[in-house]
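Below is one structure, written out as structure tokens; comments come after it.
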Amino acid sequence: MARASLASHRFSWGPWGSALLAGLIALPPLVAAAKVCGIGPFSVTALSGKATGKHHDARAKTQRDGSRIVGPDAAYALHSVMVEETKAGPCRMLLAFMPLPGSTKLAEFGQAVMQLGGCGTGTHRSVGVEGSDVVVAARACIDKGPSPKLRGLQLFPGTLGKDGHTITRGAYTGEALDHSKFAAPQCPADGWQSEVACPENQVAIGLRASHDGKGYAGIALECAPVGTCE
């Protein structure tokens, strides 16, 4: 599979939502009134990347205006990820989550930030799924250094079925046009790690990222079932 990198540029905190979302998603109405059933605990996939013994976890936390999300955080599906990298390594992740069920208006999206201490401003790269698709699998690319770091990320989408219960795996190519994959220059061709996937008909509602205190080194997905809750 050919590698494709999104254009990278300097990151500033104010317009991060626009930078993260505007180029990644076209927003038709949701095709199903799907939502996460149950209160958990939910499963976490294996890690794609390097295990370090330390990790950060994140689910949707706030809306784009900084206010608390509406409803439980488990009712928001992971939709896109921005990774910011400084000279020390990839030290910040900004996550966007689509509400389930409900509108796909950007103002209603959830967001969360994972960040390591001392992380400044650097180059950021983004990946995401399209429209009302959801993330069901992912894989990381790590470098060959003595302390491997996350140098690439690919998200794999699923489409919610009209019955509100099923998810059909999408067929994204990872090429530039679908924005589902990035590879930094430090990502070697053989640095891509095994894909990790949510169980059938489950959606990613959270992200776990392993780190060594200086940079992120791998990712896993927190997954939850989708269905109509009576």
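Just so you know, residue 1 is the first one in the sequence shown, and it goes up from there.
In this structure Q202 satisfies the side-chain hydrogen bond (donor to acceptor under 3.5 Å, both in side chains) test with no other residue, sequence neighbours excluded. Considering only residues two or more places apart in sequence or on other chains, D73 meets the side-chain hydrogen bond (donor to acceptor under 3.5 Å, both in side chains) condition with R59. In this structure, the side-chain hydrogen bond (donor to acceptor under 3.5 Å, both in side chains) partners of Q186, at least two apart in sequence or on a different chain, are E85. Taking D190 as the reference, K144 meet the salt bridge (Lys or Arg N to Asp or Glu O under 4.0 Å) condition, with sequence neighbours excluded. Residues that satisfy the side-chain hydrogen bond (donor to acceptor under 3.5 Å, both in side chains) test with R169, not counting sequence neighbours, are E195.
Put simply, the side chain of Q63 reaches to within 4.5 Å of the side chain of V70, judged on heavy atoms. Contact annotation: the side chain of C187 approaches that of W192 to within less than 4.5 Å [non-hydrogen atoms, C-beta and beyond]. Using a 4.5 Å heavy-atom threshold, the side chains of L116 and Y216 count as touching.
Remark: the T166 side chain and the N201 side chain contain no N/O donor-acceptor pair separated by less than 3.5 Å. Side chain to side chain, R139 and Q193 fail the donor-acceptor criterion of an N or O pair below 3.5 Å.
Applying the disulfide (SG to SG under 2.5 Å) rule to pairs touching residues 68-100 yields C91-C119, sequence neighbours excluded.
Taking every heavy atom of both residues into account, V196 and A46 meet most closely at CG1-O, 3.2 Å.
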